[in-house]
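Have a look at the structure below before the remarks.
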Amino acid sequence: MEAKPTNFIREIIDADVASGKHKEIVTRFPPEPNGYLHIGHAKSICINFGIARDYGGRCHLRMDDTNPTKEEREYIESIQTDVRWLGFDWGPHEYYASDYYQQIYEHAVGLVREGKAFVCHLNADQMREYRGTLTEPGKQSPYRERSVEENLDLFARMKNGEFSDGHCVLRAKIDMTSPNMNMRDPVIFRILRASHPRTGDAWCVYPMYDFAHPLSDAFEGVTHSICTLEFEDHRPLYDWVVRECRPVGGTPRQIEFARLNLSYTVMSKRKLLRLVKDGLVSGWDDPRMPTIQGMRRRGYPPTALRAFADRVGVAKRESTVDLALLEYCVREDLNKTAPRVMAVLNPLKVVITNYPAGETEQLEAVNNPEDPAAGKRQVPFSREIFIEREDFMENPPPKFFRLAPGREVRLRYAYFIKCAEAIKNAAGEVTELRCTYDPATRGGDAPDGRKVKATLHWVDAGCSLAAEVRLYDKLFTRENPEAGPEGTDFSANLNPDSLKVLSDCRVEPHLAAAQPESRWQFERLGYFCVDNDSAPGKLVFNRTVTLKDEWAKIQKRGA
RNA sequence: UGGGAGAUCGUCCAAUGGCAGGACAGCAGACUCUGGAUCUGCUUAUCUAGGUUCGAAUCCUAGUCUCCCAGCCA
């Protein structure tokens, strides 16, 4: 159950609904198709689609594709895949800013006609000079007072491809002395002889974001255009464009909220790109990446991501959410949904000396104690099994409850066993345990009522399957990867232990046909999902997140 | 030293002049065939200084700190 959130944006919408300002609430998620979506986008997607859902309105998926030099088809598809995977449906409302090029162009012509835009021949350096600084006003372009006719002609020639890239631009005529830099006659169209992923070579002028975005919103009847804080300064320009162009559709209102930051990771496209390009991770879908594809491959369920988005809330204060909250949401979800199974990551052989050789029996195990409907399964048991190496200590410290010489523990769903002897190799390492079992404890309960302090997971030596398990941890060692010593950047804070590959793991036979992306709890270890690299006979699992681990905490305290 | 925005437990979000509350994290305990889950309890916060008011996180004044803006990126 996802509790219905409330926040300042919804309060604005509530007021707009109450006043009758809008009949229907329309939002939009407007990614630029120049990279992969990450958890920050997921927050925005949940806000926009969530509002549409809760207010009985609609949310458009609009590609903000106004810069052909940076955008690619590949990204459009990955964005759609990710939004769908997150569980949202834009129905027929799939739009592209590029579909509006003609209308946007016409509105620019309209501005020119009304003397509110002009063609400027200042080059980039000159324009920067004329723009002034944060504390000094800018100067008017010498081209600012050209006649409407000349501007019309020049803009038409820009569009017709008569000029080279950067030869001139179309600027809105607003106010060079404005303290808001965005209002100092901003460029609204530039010449770009680049092939566009959708319009090909049909255009050689492309609108700037500040011009295309408000118009696109208006065309689509978007009522609330929700974006991040850095666009706050653009709002006066957004409103100017809508006011001056009077587009058919409606008058959208821009509202800004604080983007999501997550501890122990980086979120900007630039830095994510560097991780990929420098080979610091295996790709955009590396399970350590905060990308939606990375989290998907890691095994985070979409329902958990949505719950997370609800829990972090929406506000204007910039903040960094603790990764622990995300992990909590993932565990909360998987605890209810992931079937339990037994797997041994670091196998230690155990021979049960009083168990008949050559015999195998089937024991009944519960698939999910949180979900009776998940049913039960059989797990094979015989004289030789594997347990987790960590579950045995020859000289156990006080709070270690697991197996030790002379100690009795329970094998989950099986029997009580008692350790008789630890066999070591020449190096003094324990290579095998000799134990005895109590046949009366079959299933895991002692008829005489005696208790054990620990229950261990295990797999049958003969029937279990080999598997590779990839243990993932935080990508960075610092909460804020940027906050390293002087002269270093985030790459200096990469966690060298963020990935450990274990190639000699054993899992119970129930997992033989486990499908890629299926999620499981390995009892006592954590949640794992089948990686896409997995194949029958060559199982590969990714650790999604560990279980909460009291023993690890005790150990850490002692250390 | 221009303009815009924001400051509440360790973290995130609420309280819209009337007992500062929730979640995560942390700590302690209960329970447990997962040292999981569940349950119980506890610790911890209004940026500062003035003012208005019976009463201020909220209103006013002055300050402090943080973030954003000088792309023909979005």
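Below, chains carry the letters A, B, ... as their sequence lines are ordered, and counting in each starts from 1. Worth knowing before you read on, the calculation uses all heavy atoms, side chains too, and leaves out hydrogens, waters and symmetry mates.
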Min side-chain heavy-atom separation A/Y96-A/Y101 under 4.5 Å: no
Report yes if at least one side-chain N or O of A/K453 is closer than 4.0 Å to OP1 or OP2 of B/G35; otherwise report no. no
Please name all residues satisfying side-chain hydrogen bond (donor to acceptor under 3.5 Å, both in side chains) with A/N335, sequence neighbours left out, ordered by chain then number. A/R340
Separation of B/G4 C1' from A/Q254 CD (nearest whole Å): 12 Å
Under 4.0 Å, counting only non-hydrogen atoms across every strand here, what does A/R331 touch: a base, just sugar-phosphate, or nothing? nothing
Quick one: label A/E232 by what it contacts on the DNA or RNA (base, sugar-phosphate, nothing), any heavy atom closer than 4.0 Å. sugar-phosphate
Below 4.0 Å: OP1/OP2 of B/U34 and any side-chain N or O of A/R340: no
Report the residues that fulfil side-chain contact (heavy atoms from CB on, under 4.5 Å) with A/K399, sequence neighbours left out, ordered by chain and then residue number. A/W551, A/I554
Using atom P of each nucleotide, how far apart are B/A45 and B/A57 to the nearest Å? 14 Å
Would you indicate what A/R311 reaches in the nucleic acid, counting non-hydrogen atoms under 4.0 angstrom: base, sugar-phosphate, or nothing? sugar-phosphate
Going by the rule side-chain hydrogen bond (donor to acceptor under 3.5 Å, both in side chains), which residues pair with A/D16 if we only count those two or more places apart in sequence or in a different chain? A/H224
Report which part of the nucleic acid A/F308 touches: base, sugar-phosphate, or nothing (heavy-atom distance under 4.0 Å, all strands). nothing
Each nucleotide of nucleotides 67-74 of chain B classed B (base within 4.0 Å of a protein heavy atom), S (only sugar-phosphate) or -, in 5' to 3' order, makes SBBBSBSB
Work out how far the C1' atom of B/G18 is from that of B/A62, and round it to whole angstrom. 27 Å
Within the modelled atom types, does a donor on one side and an acceptor on the other bring the side chain of A/Q521 and the base of B/U34 under 3.5 Å apart? yes
A/V119: which of A/F155, A/F189, A/F163 passes side-chain contact (heavy atoms from CB on, under 4.5 Å): A/F155
Check whether the side chain of A/E479 and the base of B/G10 form a donor-acceptor pair under 3.5 Å. no
Using the side-chain hydrogen bond (donor to acceptor under 3.5 Å, both in side chains) criterion, which residues pair with A/D438? Sequence neighbours excluded. A/R450
Which pairs, with at least one residue in residues 185-196 of chain A and sequence neighbours excluded, count as a salt bridge (Lys or Arg N to Asp or Glu O under 4.0 Å)? A/R144-A/D185, A/D165-A/R193
Within 45° of the axis and under 6.0 Å from the centre of the six-membered ring of A/F257, does NZ or CZ of A/K316 qualify? no
Measure CZ/A/F257 against C1'/B/C13 and give the value in whole Å, please. 15 Å
Give a yes or no on this: more than 12 heavy atoms of other residues, nucleotides or ligands lie within 6.0 Å of atom NZ of A/K116. yes
Got a sec, which residues hit ring-ring contact (aromatic ring centres under 6.0 Å, His included) with A/F490, two or more places apart in sequence or on another chain? none
To the side chain of A/A315, which of B/A15, B/G35, B/C13 is closest? B/C13
Looking at every strand, decide which applies to A/V452 at a 4.0 Å heavy-atom threshold: base, sugar-phosphate, or nothing. nothing
Report which part of the nucleic acid A/Y206 touches: base, sugar-phosphate, or nothing (heavy-atom distance under 4.0 Å, all strands). nothing
According to the Watson-Crick and G-U wobble definition with distances under 3.5 Å, which dot-bracket string, read 5' to 3', encodes RNA chain B, using [ ] for crossing pairs and | for pairs with another strand? .((((((..((((....[..)))).(((((.......)))))....(((((..]....))))))))))).....
Just to be sure I understand the rule, does A/S178 reach a base, reach only the sugar-phosphate, or reach nothing, if contact means heavy atoms closer than 4.0 Å? nothing
If you compare every side-chain N and O of A/T320 against the phosphate oxygens of B/C12 (OP1, OP2), does one of them come in below 4.0 Å? no
Under 4.0 angstrom, heavy atoms only, what part of the nucleic acid is A/F401 near: base, sugar-phosphate, or nothing? base
Whole angstrom value for the distance that separates P of B/A25 from CD of A/E332: 10 Å
Starting at the 5' end of RNA chain B, which residue's closest nucleotide do you reach first, A/N335 or A/E523? A/E523
A/M342 CE - B/G36 P separation (whole Å): 18 Å
Measuring from the side chain of A/R557 (C-beta onward, heavy atoms only), which nucleotide among B/U34, B/C27, B/G36 has the closest atom? B/C27
Side chain of A/K553 - closest among B/C27, B/G4, B/A25: B/C27
Taking the P atom in each of B/G63 and B/C27, what is the distance between them to the nearest angstrom? 44 Å
How would you list, by chain and number, every residue that makes a side-chain hydrogen bond (donor to acceptor under 3.5 Å, both in side chains) with A/E32, sequence neighbours excluded? A/N34
